Number of protein chains: 2
Amino acid sequence: MSQTVDRALSILPLLAEGPADLGQVADRLGVHKSTALRLLRTLHEHGLVYRQSDQRYRLGARLFALAQEAMENLDVREIAHPHLARLNEACGHTVHLAVHEEGEVLYIDKVESRYPVRMYSRIGRPVAITVAAVAKLLLADLPEPERRAVAEKLDYPLYTARSTPNAPAFLRELEKVREQGWATDLGGHEESINCVAAPIRGADGRVVAAMSVSAPNVVVTADELLTLLPLVRRAADAVSGEYSGRNPITQAAKE
Amino acid sequence: MSQTVDRALSILPLLAEGPADLGQVADRLGVHKSTALRLLRTLHEHGLVYRQSDQRYRLGARLFALAQEAMENLDVREIAHPHLARLNEACGHTVHLAVHEEGEVLYIDKVESRYPVRMYSRIGRPVAITVAAVAKLLLADLPEPERRAVAEKLDYPLYTARSTPNAPAFLRELEKVREQGWATDLGGHEESINCVAAPIRGADGRVVAAMSVSAPNVVVTADELLTLLPLVRRAADAVSGEYSGRNPITQAAKE
DNA sequence: ATGGGCGTTGCGCACGTTGCAACGCTCCTG
DNA sequence: CAGGAGCGTTGCAACGTGCGCAACGCCCAT
């Protein structure tokens, strides 16, 4: 809506790909060098862009700080963290917390597996939305028309043979997840990794977040992982209760 | 330099404090509501702000993604990480990696202590620049005039009785650190926590990052922690060698 | 009912932003 | 060592865009 700001902000994802010099930025923005310079200067003053010793620009430090502060304002995260930790202690596997925002699903917290073989993931990184168990839960809760709209717009990359192939299949899966109240990803993203996930609901019953337990085949089979479902659901329900203000704080969460 | 962008970017730190509605944003920017609305819309389109269900704005998801990508473009971090991990395995304490940028020093990586008592810190968060061991190393390497300029501008909060009290004391400390090639923080930030740090240098000999080992008194005394200094320096030197391209990859780092 | 608070829209004018051209600089190359 | 190419930087005048205003619609509380 605002041309100047729009251009300035377009610089950020551009620099995210890697450092670039003034000319490159100007070219990719389709503006004159002097314009790009002014925009970069403004970004620089706000610390979003840093000028490294070779004069090239890259993303700046304030970005980290902002992202951190944004994190801390997500109160689901704060409430859920001790529960994630306890769940991890109970089963030993990697535990994730994810939320839905603007068509993306992203991990906002994680407790690493205690086994040597771990799955790769990063907090803040969008998840594979068509296959991840947490994504299914978060999307399944959307009102029907919106859910369909989202499903139509998505790409369906075939990470593995078991990946969700297309929109109709995805919508069917979401319907199932919606009914059963939990979700799985059995090798749909990485052949050898399975997940079980359960929803976290707010006071109004809407799904605000989802938590999952992930483990590679070499550690536990899919069937064994499924036996953890009650544990995951209990943890998620505990967070739900706390988040919606029903249960003040569960005893276990205190310590 | 660019008014519109300047105003738009000023919204971000403002929202970092917590969600705010249109009126609040407009007030704190000192602009008309309609102006604030347009700016917020533009930020929204780029995913930097998110409109939550109660219509208030808060920082958005793309911010996380950007910060993550920015991280991954810091190649020191990538190179250093395995060394941090091994250092942590060797001594068991919390290991930090920090860089200097635009007058701030911030942690860009961390491996948690294996002891139950841990120090609080967060990746991306600026460190207590006047007392942290890593900050001393990074600032000590600046050319003298710049170093003095920075020292003069800083605040010297008295976190503890042993905190650096003022600019002259800080400059003396930096001089000492510069000469000895390593730094400590003995209870200068938190009464019961000590750190030892060593510098990581680029091909030109300039300090590009610093790594430290931190531990609370209750786990090891300051003297005991100091015995780890050779270990820390060796790790830092290994990173320096790899980063500057001298040693391709050390054997230990491979596994 | 009615007022206040909120976000939103259309509009005309002013001002901030734009692209150009010219400059200074460093780094190659002949 | 002169010359040229490539880069970032500056001042300027013309344009276009973002600005504040005022009015509207909406929801909630009184």
Side-chain angles (χ1 to χ4, degrees), chain A residues 1-60 73 101-102 143 146 202-204 206 245, chain B residues 1-60 73 101-102 143 146 202-204 206 245:
Chain A
M1 283 273 130
S2 167
Q3 189 192 57
T4 318
V5 179
D6 188 47
R7 285 172 170 172
L9 297 183
S10 303
I11 294 178
L12 298 179
L14 195 154
L15 289 185
E17 297 169 18
D21 62 32
L22 180 61
Q24 295 169 336
V25 172
D27 281 351
R28 295 205 37 191
L29 275 187
V31 299
H32 196 269
K33 281 189 304 179
S34 58
T35 307
L37 179 68
R38 273 188 299 262
L39 297 177
L40 280 165
R41 271 225 257 266
T42 313
L43 289 168
H44 179 88
E45 276 172 22
H46 285 261
L48 297 188
V49 153
Y50 175 67
R51 191 141 201 207
Q52 41 187 31
S53 43
D54 62 350
Q55 295 240 90
R56 292 190 306 165
Y57 296 90
R58 63 168 175 72
L59 293 181
N73 284 331
E101 186 173 320
E102 312 275 342
E146 194 174 341
D204 52 0
R206 295 288 309 268
Chain B
M1 282 273 129
S2 169
Q3 188 191 60
T4 319
V5 179
D6 188 47
R7 285 172 170 174
L9 297 183
S10 302
I11 294 178
L12 297 178
L14 193 154
L15 288 185
E17 298 170 17
D21 60 34
L22 179 60
Q24 295 168 340
V25 172
D27 281 351
R28 295 205 37 190
L29 276 186
V31 299
H32 196 267
K33 281 188 305 179
S34 60
T35 306
L37 180 67
R38 273 187 299 261
L39 298 176
L40 280 165
R41 272 223 257 264
T42 313
L43 289 168
H44 179 89
E45 274 172 23
H46 284 260
L48 298 188
V49 305
Y50 175 68
R51 191 138 199 209
Q52 39 188 31
S53 43
D54 62 350
Q55 296 239 88
R56 292 191 306 167
Y57 296 89
R58 62 170 175 73
L59 294 180
N73 285 331
E101 186 174 320
E102 313 275 342
E146 194 173 341
D204 53 359
R206 293 288 311 267

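Below, read A as the first sequence line, B as the second, and so on, with proteins coming before strands; counting in each chain starts at 1. Being a predicted model, the structure only gives us computed values, none of them experimental.
- In the helix from C:dA1-D:dT30 to C:dG30-D:dC1, the rotation axis of the first five pairs and that of the last five pairs differ in direction by 30°, rounded to 10 degrees.
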For a quick test of your reading: what N or O donor-acceptor pairs under 3.5 Å do the side chains of residues 16-33 of chain A make, sequence neighbours left out?
residue, atom, partner, partner atom, Å
A:Glu17, OE1, A:Arg28, NH1, 3.1
A:Asp21, OD1, A:Gly23, N, 3.2
A:Asp21, OD1, A:Gln24, N, 3.0
A:Gln24, OE1, A:Asp21, N, 2.9
A:His32, ND1, A:Ser34, N, 3.2
A:His32, ND1, A:Ser34, OG, 3.0

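- The phosphate of C:dT17 (OP1 or OP2) has a side-chain N or O of B:Ser2 nearer than 4.0 angstrom.
- Rounded to whole angstrom, the span from the CD atom of B:Gln3 across to the P atom of C:dA14 amounts to 16 Å.
- Place A:Thr4 and A:Tyr57 on DNA chain D by their nearest nucleotides, and A:Tyr57 ends up nearer the 5' end.
- Think of the region where chain B sits on DNA chain D: with heavy atoms and a 4.0 Å cut, that region ends 5' and 3' at D:dG18 to D:dA22.
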Pairs under 3.5 angstrom only: tabulate donor-acceptor contacts from the side chains of residues 37-46 of chain B to other protein residues two or more places apart or in another chain.
residue, atom, partner, partner atom, Å
B:Thr42, OG1, A:Ser2, N, 3.3
B:Thr42, OG1, B:Arg38, O, 2.9
B:His46, NE2, A:Asp6, OD1, 2.5

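- Proximity of residues 28-35 of chain A to DNA chain D (heavy atom under 4.0 angstrom from any strand atom) is restricted to A:Lys33, A:Ser34.
- Taking each heavy atom of A:Leu12 and B:Leu48 in turn, the nearest pair found is CD1-CD1, 4.1 Å.
- Only A:Arg38, listed by number, bring a heavy atom of residues 37-50 of chain A to less than 4.0 angstrom from any atom of DNA chain C.
- The heavy-atom pair separating B:Tyr57 from B:Val49 by the smallest distance is CD2-CG2, 4.2 Å.
- Counting to the nearest Å, the P atom of C:dC25 and the CG atom of A:Leu22 are 18 Å from each other.
- Scored by the salt bridge (charged side-chain N to carboxylate O under 4.0 Å, His left out) test, A:Arg51 finds no partners at all (sequence neighbours excluded).
- Remark: A:Gln52 pairs with A:Asp54, A:Arg58 by the side chain to side chain donor-acceptor pair (under 3.5 Å) rule, at least two apart or across chains.
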Worksheet item: Is there a side chain to side chain contact (heavy atoms under 4.5 Å, CB included) between B:Leu9 and A:Leu9 once you walk through the steps?
Response: CA-CA 9 Å; B:Leu9 297 183; A:Leu9 297 183; 4.1 Å; yes
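- Near DNA chain D, meaning a heavy atom under 4.0 Å from it, residues 5-14 of chain A has no residue at all.
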